Amino acid sequence: MSADGSKRKRQGAKGERTNAAPQPARVRTVKEIAAIAKVSVATVSRALQRPELVSEATRQRIHEVVKRLGYTPNALARNLRTARTRLIVALLPDITNPFFSEVIRGIEQVAHENGYSVLLGETQSSLVREQAYADMVAARQADGIITMSHRVPAIPIDGRLPVVNACEYVKDSKISSVYIDNVAAAGFAVDYLVTLGHRDIAFIAGPSSSPICVDREQGYRLALQRAKISANPTLTAIGDFSIEAGERAIELFLAQGQSFSAVFCSNDEMAIGAMRALISHGLRVPEDVSVVGFDDIRFARYTSPPLTTIAQPKNALGREAMTMMIELLNDPAVPPRKRVLSADLVVRGSTAPRAAGR
Ligand code: RIB
């Protein structure tokens, strides 16, 4: 039993300081040329490295500025191709979700240990914002991207895009990824509820566009099968990983008159929202309804009651992702690899045996 009263139930599935980096002279140079020539940095980079992609007039204008500033186009182009900014972009969908802050701390630790800086890009799942960061890498303003989303930005036509996926994965992608076995971890959560005697177990899923959410739903269904419980589709609601989505799901179940004695949520924020909605309807947690989350964010042990959840190895996910990125930058030919880390079930006060008659 640890200090906060939580117990790590069993070995589960087999599976920070952003400082704007001082920009090296080369990046300043490209920016200077772009400002004078009144084009984008990406256009200057293209004109020097892939002149065929830039109009003759624009190319001429850029070369005149380059010469006027006393640079030689070929040396600048060579420098652009080889030098590193030692700046990595960490893309995340939702900066308000504390899950990501512990992952980013792991990225930052390994980055700092190896002389890199980290630029945070919060995309709110916007394709446009993801692509803008990819263009930064193509324009050699950053060396690579660690994305915590289930989508990888398109490789700009005129550049490489060193990318590593953390916490999520893109099906059939050819990029290195580090995540946990979400099917098994979700299974551990639901198996545990079954051992407490629960059979009407509701499920609040994450966005179905994310492969890890599909995996968590599969883990939920396989656990019901193992317990010979037939899945009731009206006891599944889809959320967006937010606290409000957890509240809305419970409101929906209750409005439909659903009967359930436990609910498994695809992340802790939705579990916190679910507990809030249950309590606002006069239902006690866990006496009337047991609640299990997923992530083990630092607030999970401080909720009332403290949340039973799946502990993702957040720091290790970040450290491994940055390690993969450095390997990739040191050897672009390194084959992509998948790393699946283990996750534990952490039992706290939000779960209890099913009450008789529930
Ligand atoms: O809470 C945010 C969710 O998205 C986490 O479960 C993590 O897996 C991230 O991908």
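Just so you know, these numbers come straight off a predicted model, no measurement behind them. One-based numbering, in listed order, for ligands and for the atoms of each.
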Checking one residue: Leu283. Which other hydrophobic residues are in its cluster under the side-chain 4.5 Å linking rule? Ile204, Leu235, Phe241, Ile250, Phe253, Leu254, Phe260, Val263, Met270, Met275, Leu278, Ile279, Val285, Val289, Val291, Leu307
In order of chain and number, which residues sit within 4.0 Å of ligand 1 by heavy atom? Asn97, Phe99, Phe100, Cys167, Glu168, Ile212, Arg216, Phe241, Asn267, Asp295, Gln312
Do Gln109 and Glu113 have side-chain atoms, one donor and one acceptor, less than 3.5 Å apart? no
Using a 4.5 Å cut-off between side-chain heavy atoms of Ile, Leu, Val, Met, Phe, Trp and Tyr, which other residues end up in the same hydrophobic cluster as Val214? none
Side chains of Tyr179 and Arg339: do they bring a donor and an acceptor to under 3.5 Å? no
If only side-chain N and O atoms count, and only distance matters, is there a donor-acceptor pair under 3.5 Å linking Thr43 with Ser40? yes
With sequence neighbours excluded, residues passing side chain to side chain donor-acceptor pair (under 3.5 Å) with Ser304: none
